2 protein chains.
Amino acid sequence: MTDSDLRPFERAVSAPDSADADLWFIGRIRTPWTDRRACPRKGDAQDGPLCEIVLDPRWSEAMLGLEGKTRLQILYWMHLARRDVVRQNPDFGNRAIGTFALRSPLRPNPIASSTVTLERIEGTSLFVRGLDCIDQTPLVDIKPIFCFDEQPEKRIA
Amino acid sequence: MTDSDLRPFERAVSAPDSADADLWFIGRIRTPWTDRRACPRKGDAQDGPLCEIVLDPRWSEAMLGLEGKTRLQILYWMHLARRDVVRQNPDFGNRAIGTFALRSPLRPNPIASSTVTLERIEGTSLFVRGLDCIDQTPLVDIKPIFCFDEQPEKRIA
């Protein structure tokens, strides 16, 4: 809850009293951005800067089979985002939009999901392109992306 | 940690001692599947059965702007999956694969991510196709999918 004040038309609700589940941070993400305002709105899996996903050695065996994969889905915890905002005004416009209609970091569970290109693996580090988060962001999950996940025939033009 | 025993070649590690972050369940997902063995391996956003995402009324204002959207990304908590397995043998084969090279529910943070087709909204319920989870699965997040998230020019054939 280190975020700034609400913008015009934004609204927050009272937070739940208790947690429903625990997350374990399984590593950290190293990126070039040390200030939130410098982070891009969305990662670029082709031309974005190389970022390093540093996995906690506890989970190193779970990497078996990642070699040779090109595209991964990364989940990470936007630890600086407040969680109680239900209507947001990302562009300081004359109206607010519901949090679930945005991919903003501000959400009840501030988990971001990005598709990245895996460039190489060194030990327990994955070097990838496509992230958008501040340096030292906590890592939540790494998932493969299979071709059938794309469902090209169902894509909206 | 209600899962069955490990299969051949599977391996687990000791779990972390403490939580790093708290999740809030923001709703529940109603599906036709009341037994894990009946769940499909992957949802079908075109022909799968209609499932109901029931949002906690606390977050109802965050739905503003979802009307008219066709595709959404849903994050949910696979509450029955054990979290300590690093190598898995999903097909009872003669080897195991690393957890991060699989989209299995068993993972350190058992958060599933599916792309769904939004059919209609009624109050705080979203009726969607494309889920694969057991009835009453906890809801973690709802995100829009924008065309530029698809990055078709970067797709692997």
Side-chain angles (χ1 to χ4, degrees), chain A residues 11 13-16 18-26 42 45-46 58-66 69-73 75 77 79 83 86-87 96-103 107-109 111 113 115 117 138 140-144 146-157, chain B residues 11 13-16 18-26 42 45-46 58-66 69-73 75 77 79 83 86-87 96-103 107-109 111 113 115 117 138 140-144 146-157:
Chain A
R11 276 181 46 81
V13 295
S14 63
S18 60
D20 295 306
D22 293 338
L23 280 189
W24 299 330
F25 295 159
I26 61 170
K42 175 171 164 42
Q46 186 164 337
R58 179 193 300 272
W59 306 107
S60 61
E61 283 194 74
M63 295 174 65
L64 181 72
L66 285 182
K69 292 199 185 299
T70 311
R71 283 157 47 87
L72 300 173
Q73 180 182 7
L75 302 185
W77 184 254
H79 56 301
R83 302 175 61 174
V86 289
R87 294 196 184 190
I97 302 167
T99 289
F100 299 138
L102 294 166
R103 294 185 72 92
R107 45 210 321 115
N109 296 299
I111 299 170
S113 168
T115 299
T117 303
V140 171
D141 201 8
I142 301 169
K143 297 179 192 288
F146 300 116
C147 290
F148 58 76
D149 289 323
E150 304 275 345
Q151 301 184 315
E153 77 283 8
K154 295 159 194 169
R155 187 166 308 114
I156 307 302
Chain B
R11 275 181 47 81
V13 295
S14 63
S18 60
D20 295 306
D22 292 338
L23 280 188
W24 298 331
F25 295 159
I26 62 170
K42 175 171 166 38
Q46 185 164 338
R58 177 193 301 270
W59 305 107
S60 61
E61 283 192 74
M63 295 174 63
L64 182 71
L66 285 182
K69 293 201 185 296
T70 311
R71 282 156 49 87
L72 299 173
Q73 179 182 8
L75 301 185
W77 184 254
H79 57 300
R83 301 173 63 174
V86 288
R87 295 195 183 191
I97 302 167
T99 289
F100 299 139
L102 294 166
R103 294 185 71 93
R107 44 209 322 116
N109 295 298
I111 298 170
S113 167
T115 299
T117 303
V140 171
D141 201 8
I142 301 169
K143 298 179 191 290
F146 300 116
C147 290
F148 59 76
D149 288 324
E150 305 275 347
Q151 301 183 314
E153 77 282 6
K154 295 159 195 169
R155 189 165 308 114
I156 308 301

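Note that the structure is a prediction, hence the values are computed from the model and not measured. Chain identifiers are assigned alphabetically (A, B, ...) following the order of the sequence lines, protein sequences preceding nucleic acid strands; residue numbering begins at 1 within each chain.
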Does the side chain of Pro144(A) reach to within under 4.5 Å of the side chain of Gln73(A), using non-hydrogen atoms? no
Among Ala101(A), Pro138(A), Ser14(A), which residue has the highest count of heavy-atom pairs closer than 4.5 Å to chain B? Ala101(A)
Which region of Ser18(B), side chain (C-beta onward) or backbone (N, CA, C, O), has a non-hydrogen atom less than 4.5 Å from a non-hydrogen atom of chain A, or is it both or neither? backbone
Using side-chain heavy atoms (C-beta onward) and a distance below 4.5 Å, is Ile97(A) in contact with Arg87(A)? no
Applying a strict 4.5 Å limit to non-hydrogen atoms, the region of Trp59(B) in contact with chain A is both
Please give me the minimum heavy-atom distance between Leu64(B) and Ala96(A), naming the atom from each residue. CD2-O, 3.6 Å
Is it the side chain or the backbone of Leu72(A) that comes within 4.5 Å of chain B heavy atoms, both, or neither? neither
Spacing of CZ belonging to Phe100(B) relative to CD belonging to Glu61(A), to within rounding of 0.5 Å: 11.5 Å
Using non-hydrogen atoms only, which part of Lys143(B) is less than 4.5 Å away from chain A: side chain, backbone, both, or neither? both
Report which part of Arg58(B) has an atom under 4.5 Å of a heavy atom belonging to chain A: side chain, backbone, both, or neither. both
May I ask you to name which of Ser60(A), Gly65(A), Gly98(A) has the most heavy-atom pairs under 4.5 Å with chain B? Gly98(A)
4.5 Å side-chain heavy-atom contact, Asp20(B) and Leu23(A): no
Given Thr117(B) and Gln46(B), is the side-chain hydrogen bond (donor to acceptor under 3.5 Å, both in side chains) satisfied, shown in steps? CA-CA 7 Å; Thr117(B) 303; Gln46(B) 185 164 338; over 6 Å; no
Looking only at heavy atoms, the pair that brings Pro108(B) and Trp24(A) closest together is O-CE3, 3.5 Å
So, the part of Val13(B) with a heavy atom under 4.5 Å from chain A: the answer is side chain
Best-contacting candidate, Val140(A), Thr99(A), Asn109(A), against chain B by heavy atom pairs under 4.5 angstrom: Asn109(A)
The interface call for Ile111(A) against chain B, heavy-atom contacts under 4.5 Å, is both
